[in-house]
Amino acid sequence: MATLISSLPERYIQNDTRPSLVGLSREALADMLGRIGVPEKQRRMRANQLWHWIYHKGVTSFAAMSNVSKDLRAKLDEAFQIARPEIVTEQQSNDGTRKWLLRLAPDERGQRHEIECVYIPEEDRGTLCISSQVGCTLTCTFCHTGTQTLVRNLTAEEIVGQLMLARDRIKDWPDDLAANPQPPSSGRYITNVVLMGMGEPLYNFDHVKEAMEIASDGEGLSLSKRRITLSTSGVVPEIGRAGDEIGTMLAISLHGTTDEIRNKLVPLNKKYPIAELLDACRNYPGVSNARRITFEYVMLKDVNDSLADAKRLVKLLEGIPAKVNLIPFNPWPGTQYECSDWETIEAFAEVLNRAGYASPVRTPRGRDIMAACGQLKSESQRLRAKERAAAQASLA
Ligand code: SAH
Ligand code: SF4
């Protein structure tokens, strides 16, 4: 049975208007220290101390910062907080997948939006799937997130905040792991991060870049950029820049092998057709056989799953160091698509394998809690509506 955990520690229920220090660069942290009167020549050292406590230790209060003077801790506490997004619900799937529905701090219009974040444990690794936007401006026809009209970019704080909150909940900070009698064999639970939640990361370039700098900083969250994958639907002009400036692994949501099919599935293809997209991939900075690009391909019955498609895909990828990730379509209420049959997926994979492409089929994870690819967000609103109805009924 999937479980829904709704009683959570007090600290996630926030109505706190103090600015958060999460998501700032070291320089910006030093500037913040200047605001509360820390002399200039001490700021760098103090910023490094804060960095260590916030991102290495994962503390959520200034009181825990034992090598910072009491006086400064009090000043910090008065002026700032070390925030996490508020958890609305936390669900755990039969297969161990965990999904959080998170409520963000109010934006400039006072609105509090919600996003989702999913943790997928596997035998030798654990992957955290994070969001880069509330909703998505693009309208891929097979994606649930694409049906949402409400969109805003997440701040760097909100992007990093998902990782920090997941570490809190999974007990994945170094001190937690040291005290864990059975720590994971991979050393920590969250070994990989994928920007495959809600939103198009390359439409929120600057904040994603800032957040990935923080996530990969060796004195803090310490996730190697080779273990972070940015997935894009194909924003061609930003792909080269992403390689140069963000430097993570790249995944491309391809899904179609002709412009005609891809125009229907990923309407952005009308602006940046397949040939241009694949050229950008060939020129992706740092691409090599050791650093392959992942091509994601959602398997849609009778739409893009024929053997002719598989052969065209092999041809398209010629000369690109590539892996293919076949994703069984995850249905959502109201969708016009169905997932391909298992035999069709196997036959498709076989064509790719024979051509020398590793093409694992992504096992759907967390479907029972609507945490699988493309199922995020709207379903949770439905669940919450149902929960609200149940709560009201119990009051009546
Ligand atoms: N916007 C980015 C990243 C988020 S989507 C992108 O499109 O790449 C992450 C992956 O999930 C993409 O490959 C997307 O195409 C896929 N996806 C979306 N809806 C899906 C669904 N219903 N079933 C399976 N995969 C889906
Ligand atoms: Fe947006 Fe990606 Fe969904 Fe397309 S697949 S609508 S780009 S989140």
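The basis for the numbers below is simple: all heavy atoms, side chains too, and nothing from hydrogens, waters or symmetry mates. Nothing fancy with the numbering, it's 1 onward along the sequence.
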Between Leu268 and Gly234, the two heavy atoms sitting closest are CD2-O, 3.6 Å

Next item on the list: Scan side-chain atoms only and decide if Tyr55 and Ser222 contain a donor-acceptor pair under the 3.5 Å cut-off.
Entry: no

In this structure, OG1 of Thr60 is separated from CH2 of Trp173 (nearest 0.5 Å) by 10.0 Å

Using residues 23-39 as the side-chain source, report each donor-acceptor pair under 3.5 Å to any protein atom, sequence neighbours left out, with the distance given to one decimal.
{"from": "Ser25", "atom 1": "OG", "to": "Glu27", "atom 2": "OE1", "distance (Å)": "3.4"}
{"from": "Ser25", "atom 1": "OG", "to": "Ala28", "atom 2": "N", "distance (Å)": "3.1"}
{"from": "Arg26", "atom 1": "NE", "to": "Asn48", "atom 2": "OD1", "distance (Å)": "3.1"}
{"from": "Arg26", "atom 1": "NH1", "to": "Asp217", "atom 2": "OD2", "distance (Å)": "2.8"}
{"from": "Arg26", "atom 1": "NH2", "to": "Asp217", "atom 2": "OD1", "distance (Å)": "3.4"}
{"from": "Arg26", "atom 1": "NH2", "to": "Glu219", "atom 2": "OE1", "distance (Å)": "3.0"}

For Glu213, the salt bridge (Lys or Arg N to Asp or Glu O under 4.0 Å) test, sequence neighbours excluded, returns Lys225

- Query: Heavy-atom distance under 4.5 Å between the side chains of Met299 and Ile327, does that happen here?
  - Reply: no

Only pairs under 3.5 Å count here: list side-chain donor-acceptor contacts from residues 157-165, not counting sequence neighbours, and write none if there are none.
{"from": "Glu158", "atom 1": "OE1", "to": "Arg152", "atom 2": "NH1", "distance (Å)": "3.1"}
{"from": "Glu158", "atom 1": "OE1", "to": "Thr155", "atom 2": "N", "distance (Å)": "2.9"}
{"from": "Glu158", "atom 1": "OE1", "to": "Thr155", "atom 2": "OG1", "distance (Å)": "3.3"}
{"from": "Glu158", "atom 1": "OE2", "to": "Arg152", "atom 2": "NH2", "distance (Å)": "3.0"}
{"from": "Gln162", "atom 1": "OE1", "to": "Ser131", "atom 2": "N", "distance (Å)": "2.9"}
{"from": "Gln162", "atom 1": "NE2", "to": "Ser131", "atom 2": "O", "distance (Å)": "2.9"}
{"from": "Gln162", "atom 1": "NE2", "to": "Glu158", "atom 2": "O", "distance (Å)": "3.3"}

Give a yes or no on whether the ring-centroid distance for Tyr297 and Phe348 is below 6.0 angstrom. yes

Heavy-atom side-chain contact between His113 and Asp107 under 4.5 Å: yes

Can you find a heavy atom in the side chain of Arg43 that is under 4.5 Å from one in the side chain of Arg46? no

For Lys171, is there an ion pair with Asp176 - N to carboxylate O distance below 4.0 angstrom? no

* To do: State whether the number of non-hydrogen atoms from other residues, nucleotides or ligands found under 6.0 Å of Arg44 atom CZ is greater than 12.
  => no

Ignoring hydrogens and geometry beyond distance, is a side-chain donor-acceptor pair present between Thr232 and Glu200 at under 3.5 Å? yes

Are His255 and Phe142 near enough that their ring centres are under 6.0 Å apart? yes

Nearest heavy-atom contact between Met196 and Ala251 is CE-CB, 4.1 Å

Note: Arg112-Glu86 ion pair, threshold 4.0 Å (strictly below) | yes

Donor-acceptor contact below 3.5 Å, side chain Asn204 vs main chain Asn153: no

Determine whether the side chains of Arg312 and Thr257 contain a donor N or O and an acceptor N or O closer than 3.5 Å.
yes

Just checking, is any N or O donor in the side chain of Asn192 or Thr127 under 3.5 Å from an acceptor N or O on the other one? no

Practice item. Check whether any side-chain heavy atom of Ile130 lies under 4.5 Å from a side-chain heavy atom of Val118, and answer yes or no. Key: no

